[in-house]
Amino acid sequence: MRLSKAFVPTLKEIPSDATIPSHQLMLRAGLMRQLTAGVYAFLPLGYRAIRKASQIVREEMNAIGAQEFHLPALNPEALWVQSGRRNIPNFILSIKERDLVLAPTHEEVISWIASSGIQSYKDLPQIWYQIQMKFRNEPRPRSGVLRGREFLMKDSYTLDASWEGLDKSYDAHLEAYKKIFTRCGLNFFVVGASSGAMGGTGSQEFMIESLHGEDTVALAGKSGYAANLEIAKSDVPKIGRLPSDNKIEEIHTPNVRTIKQLMEFLNVDHMRLAKSLVYRHNGKPLLILMVGNDQLNESKLVSALGGGAIEPMDATELNKLTGADAGSIGPIGLEGFRIIADRRLEEANGLVSGANKNDYHLINIDLKRDVEVDGYFDLRTIEPGEPAPGTTEPLKIANGIELGHIFKLGTKYSEALNVKFLDETGELKPVIMGSYGIGIERIVACHIEQNRDDNGISWGKSLAPYHVHVIPVNMNSKETVLQANQMYRRFTEAGLETIFDDRENLSAGFKFKDADLIGMPYQVIVGEKGLKNGQVEIKKRRTGERIMVSIELAVSEVQRLLQE
RNA sequence: CGGGGUGUAGCUCAGCCUGGCUAGAGCGCUUGCUUUGGGAGCAAGAAGUCGUAGGUUCGAAUCCUAUCACCCCGACCA
C-alpha cells in the first residue's frame, strides 16, 4: 500500500473527546472516526485490524466444528416479546417505521431457526456462530469502542441434547477462547461470572486488567482464584453463637441511625450488629439481614432470589409499612416481609437490630430462636485482603475490561421459543443451549491498551494491519527512491503486507513519527547512509532495536523475524 | 435518568467574566522556492452565518431563555 495514495488520516494532537489511550490512539492512528455517540466508522487501517481479529476468531471457531451463519439485524418485535426480552431496560433499539427491532444479540433468531430445523437428537449437537454488528440502546456510550451503541460481535450458540453435551460444548468454547486471545497477543485472565439477565447455570468472562475497565474482579494470583466481584467469595468467618441466652431487650437509642453510631452508642463490635436492608422483590417486601459493616452485593441477591426484579424500598413506603424509618428496622415483629440473611449470620445470636420503632433497638436477638429466616445466602461484597476461598491468600481487587463471556444458558430460550427435539425414547424435550460472545472491536482496543508506548501503537504480529512499513528517508535522492521502490516490490511479492511511505516533500522525522504512531511491527528504513554499503535498516517497533542488513537479505530477515 | 463540563476554521484551543472596529493563534490544507535520519524554513493564500432558535440591546461569539449535540462522574450494563 502506497501511503501517497492511501487514506490514513493520522493526527498529531489528541482529539479532545478521547480519554483512554486506546481510544486516543485509534483516532490518532487513523483507524476510525466517530460518527455519533457510540457509533464509529472504521477506516481502512482499522478495518484491517478488525478483519485480522475476526479471522483468528473464525479459525478457532471452525476448529471446534462451529458453522458460520449470517443472521438478520432486523428482527420482528414479536419475537422479542415472545422471549420476554422486549422490555429489558436499555436493551433494544427499535425502528420507528415498522414493528421491527435491531437485534442486540441473536438467541431469539437462532432459536427460531432451530425450532423448525432441529427435530431429533440425531440433529444434535450443533455449534452455530456469526460475526456481525449488534445494536444496543446504550444509555451512555463511553471509552471509544469499548462501549458503543453498535458493535461487532462474534456470538456462538450451542444446541445440545443433554447437560453433559452442554458441558462439552462449553468447555470447547473455553479452550477455543483461550487460543483466540492468546493468538491475539492479549494478556488476559478468566473469571467466574454472574449469568445476570441472560439466565442460565454458569458463566465465565475473559478479561484484561485495566484501569479503564468497567468490571471489578477479585484475584488471587497464586491460588489462581479469579472472579467477577458480582459473585466473588472469600473465606470470612461466620460470626457464630455466644454462650449467653439472654432475653430480647429494648434499648432507647435516640438519634442513632448508622451502624457506626450504634457501635459507639452501645459500645459493641460491628459483628454483633445485624443491619436490615429493605427491598422489594418482584414487588413483594423483603428484609435482608447483613453483618454490620458488610456491603450487600445486589448481583448475589438476585441470584439468591432466583432472578426477578429488585429495588430498594423508598423511605416513605418503608415508614408506611413498618411505622419506622430506615435505621430502626429489624426482623422482630415485622409483618408481611420475607426475611433472608447473609450466611455469616447463620444461627447467630446476641444480635442487635432495629425495633421497628424509631429511636429504639433490640439486643440479644437470636436468629434461631426469635426469627423465621427464609434462607441464608452468600450476599456480601468481598473486601480486598480477605482470604481467597479455600486458601489464606489475600484477594486483590482490580478493574478489568471484558473481552468475552461464555454462558450455559440451559433451556430458558428453548422453552420460551419452543426449540424441542425427540430423544432416543421418543420423548419431546427442550434443546439445551449455550451462548458465547466475543467483542471484536474490544479485542483490537484491548490489544492497543496493552501494546503501545508514548509514540503510538505497537502492533503485535497477529493483529497488525500490515507487517512491514518501508520508509525512504529522502525522496529527493534518486537512489533512495529507486531502492525503496524495489524494496516495496520485493516485500509485496514475498507475500508480506507492506506499507510504503512514498509521500514526497515530507521530512524523514515526520515519516518516522507517523510510522511509530500507526505502529507496524517492522520498519524498513531506506537511506543514503545504508545504501552506501548496500544495506537497509530494519527497526523493530516494539523494542526500537535496529538491524542493518544487505538489500538482498531484507525480505528474508523480516520473514525470519515474523516467524519468531 | 441525576450531577458536571464543552460547542468558535479539518484538528487543538484563545476570545465570553466586564457586549463595541474587518473574530484570532498553532497545527493541518493550497501555491512557489528552499529543506530531507525524528512531526522543516520562508513567502503568498483558501477556509468559520462563533451548535440551533428566540429574546435583551443602538450594537451579541460575549448577557438571558429554550433546544440540540458531544464528553466526563454516577445510575445502568445482554
Side-chain angles (χ1 to χ4, degrees), chain A residues 9-20 23-24 27-28 30 33-39 80 83-93 102-108 134-144 146-149 151 153 155 193-200 203 205 212-216 228 230 298-299 302 309 311-312 401-402 404-407 409 412-413 435-437 439 454-456 471-477 480-481 501 503-518 523 525-531 536-537 539 544 546 548:
Chain A
T10 55
L11 302 171
K12 187 152 80 175
E13 294 184 88
I14 299 172
S16 54
D17 281 350
T19 53
I20 74 168
H23 188 194
Q24 293 172 349
L27 295 170
R28 285 191 56 211
R33 287 292 184 266
Q34 176 173 330
L35 179 62
T36 182
V39 179
W80 291 83
S83 72
R85 294 210 285 183
R86 175 63 187 94
N87 292 315
I88 293 177
N90 303 326
F91 190 46
I92 290 182
L93 283 168
L102 288 166
T105 174
H106 281 81
E107 279 83 5
E108 278 74 359
K134 313 246 169 175
F135 302 85
R136 181 168 173 192
N137 187 15
E138 183 58 54
R140 178 149 100 83
R142 71 186 95 170
S143 303
L146 290 182
R147 180 161 290 276
R149 292 213 168 103
F151 46 92
M153 288 281 285
D155 260 338
S194 163
S195 320
M198 293 289 286
S203 87
E205 288 167 326
H212 308 109
E214 299 181 323
D215 288 279
T216 311
N228 194 302
E230 291 173 346
E298 291 197 351
S299 304
V302 172
E311 49 169 349
I401 300 171
E402 179 186 345
H405 201 158
I406 56 181
F407 290 94
L409 286 179
K412 176 174 169 176
Y413 298 95
S435 130
Y436 317 83
D454 291 345
N455 293 317
I471 304 170
V473 168
N474 182 350
M475 292 297 283
N476 289 331
S477 153
T480 300
V481 172
D501 193 347
R503 291 175 294 180
E504 313 256 359
N505 297 321
L506 286 183
S507 69
F510 190 97
K511 291 186 176 183
F512 292 145
K513 288 286 186 188
D514 238 16
D516 284 350
L517 175 60
I518 67 178
Q523 295 168 15
I525 299 161
V526 182
E528 285 164 307
K529 283 190 220 164
L531 289 178
V536 294
E537 180 180 328
K539 178 185 158 189
R546 295 160 191 272
M548 298 301 300

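Order of the sequence lines sets the chain letters (A, B, ...), proteins ahead of strands, with each chain counted from 1. For the numbers below, each heavy atom of this structure counts, side chains included, while hydrogens, waters and symmetry mates do not. Note that the structure is a prediction, hence the values are computed from the model and not measured.
- Residue contacts for A:Pro9: at a heavy-atom cut-off of 4.0 Å it reaches no nucleic acid atom on any strand shown.
- Among the heavy atoms of the strands lying under 4.0 Å from A:Asp514 is at least one base atom, whether or not backbone atoms are also near.
- If you check every strand for non-hydrogen atoms under 4.0 Å, A:Phe151 touches a base.
- Comparing A:Phe91 and A:Val473 by the nucleotide of RNA chain B that holds the closest heavy atom to each, the one mapping nearer the 5' end is A:Val473.
- B:rC13 is paired with B:rG24 under the criterion used here, namely a Watson-Crick or G-U wobble arrangement in which both key atom distances are under 3.5 Å.
- B:rU8 and B:rG51 have their P atoms separated by 6 Å, with the value rounded to a whole Å.
- Using a 4.0 Å heavy-atom distance criterion, A:Arg503 is classed as making no nucleic acid contact.
- Among all heavy-atom pairs drawn from A:Pro312 and A:Glu298, the shortest one is CG-OE2, 4.5 Å.
- Proximity of A:Thr19 to the phosphate of B:rC72: a side-chain N or O atom is located under 4.0 Å from OP1 or OP2.
- Here the separation of B:rG39 from B:rA75, taken at their C1' atoms, is 43 Å to the nearest Å.
- A donor and an acceptor atom, one from each side chain of A:Gln34 and A:Asp17, are nowhere located under 3.5 Å apart.
- Here A:Arg33 lies out of heavy-atom contact (under 4.0 Å) with every strand.
- Of the candidate nucleotides B:rG38, B:rC71, B:rC76, B:rC71 has the atom nearest to the side chain of A:Gln34.
- Counting non-hydrogen atoms under 4.0 angstrom, A:Ile14 reaches the backbone sugars and phosphates but no base.
- If you measure from atom NZ of A:Lys12 to atom C1' of B:rG28, you get 9 Å, rounded to the nearest angstrom.
- The nucleotide B:rG45 finds its pairing partner in B:rC29, both defining distances of the Watson-Crick or G-U wobble pair being shorter than 3.5 Å.
- A side-chain donor-acceptor contact under 3.5 Å links A:Ser203 and A:His405.
- Of the listed residues (A:Arg140, A:Arg136, A:Arg142), just one forms a salt bridge (Lys or Arg N to Asp or Glu O under 4.0 Å) with A:Glu138, and that residue is A:Arg136.
- Spacing between B:rC1 and B:rG10 at atom C1', rounded to whole Å, works out to 35 Å.
- Heavy-atom distances to RNA chain B give each of A:Ser16 and A:Thr10 a nearest nucleotide, and the one nearer the 5′ end belongs to A:Ser16.
- Here A:Ser477 lies out of heavy-atom contact (under 4.0 Å) with every strand.
- Inspection of the A:Asp516 and A:Gln523 side chains reveals an N or O donor paired with an N or O acceptor under 3.5 Å.
- Residue A:Glu504 contributes atom CD, which lies 14 Å from atom P of B:rU34 at whole-angstrom precision.
- At the heavy-atom level, A:Ser83 lies nowhere under 4.0 Å from the strands shown.
- Between the CZ atom of A:Arg142 and the P atom of B:rC71 there is a distance of 11 Å, rounded to whole Å.
- Looking only at side-chain heavy atoms (C-beta outward), A:Ser435 and A:Leu409 come within less than 4.5 Å of each other.
- Side-chain to base pairing of A:Asn455 with B:rG38: no donor and acceptor N or O lie closer than 3.5 Å to each other.
- Between A:Pro15 and A:Arg28, the shortest heavy-atom distance links the atoms CD-CG, 3.8 Å.
- Residue A:Ala508 has its side chain nearest to B:rG37 when only B:rG37, B:rG39, B:rC71 are considered.
- Taking only distance into account, the side chain of A:Glu13 meets the base of B:rG26 through a donor-acceptor pair shorter than 3.5 Å.
- When rounded to the nearest whole Å, the span between CG of A:Leu35 and C1' of B:rC70 equals 12 Å.
- Nucleotides B:rG3 and B:rG26 place their P atoms 41 Å apart, quoted to the nearest Å.
- In this structure, the nucleotide among B:rG39, B:rG38, B:rA75 sitting nearest to the side chain of A:Phe512 is B:rG38.
- Here the separation of B:rU31 from B:rU67, taken at their P atoms, is 47 Å to the nearest Å.
- No hydrogens or angles considered: nothing links the side chains of A:Asn474 and A:Thr480 as a donor-acceptor pair under 3.5 Å.
- One can place NZ of A:Lys511 at 14 Å from C1' of B:rA40, the figure rounded to the nearest angstrom.
- The nucleotide whose nearest atom lies closest to any side-chain atom of A:Asp516 is, among B:rC70, B:rG74, B:rG38, B:rG38.
- At a threshold of 4.0 angstrom between heavy atoms, the contacts of A:Glu537 include nucleobase atoms, whether or not backbone atoms are also involved.
- To the nearest whole angstrom, the two C1' atoms, one in B:rG32 and one in B:rG48, are 27 Å apart.
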task: I would like to know whether A:Glu107 and A:Arg85 meet salt bridge (Lys or Arg N to Asp or Glu O under 4.0 Å); could you show each step before the answer?
output: CA-CA 11 Å; A:Glu107 279 83 5; A:Arg85 294 210 285 183; 2.8 Å; yes
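- Across all strands shown, the partner of B:rA40 is B:rU34, judged by Watson-Crick or G-U wobble contacts whose two distances both fall under 3.5 Å.
- A straight line from CG of A:Asn505 to C1' of B:rC29 spans 14 Å, rounded to a whole angstrom.
- With both pairing distances under 3.5 Å, B:rC70 is matched to B:rG5 as a Watson-Crick or G-U wobble pair.
- Nucleotide B:rC63 has B:rG55 as its partner under the Watson-Crick or G-U criteria, with both atom distances under 3.5 Å.
- For A:Arg147 against B:rC77, a side-chain-to-base donor-acceptor contact under 3.5 Å is present.
- The same atom, C1', is picked in B:rC13 and in B:rA66; the two are 28 Å apart, to the nearest Å.
- Closest to the A:Arg546 side chain, of the nucleotides B:rG37, B:rC70, B:rC77, is B:rG37.
- B:rC50 and B:rU62 are spaced 10 Å apart, taking the C1' atom of each and rounding to whole Å.
- In this structure, A:Met153 atom CE and B:rC77 atom P are separated by 17 Å, rounded to whole Å.
- In this model, the phosphate group of B:rC70 is approached by a side-chain N or O of A:Thr36 to a distance below 4.0 Å at OP1 or OP2.
- The interatomic distance linking A:Ile88 (CD1) with B:rC77 (P) rounds to 10 Å, in whole Å.
- Listed candidates were B:rC77, B:rA40, B:rC73. Nearest to the side chain of A:Arg140 is B:rC73.
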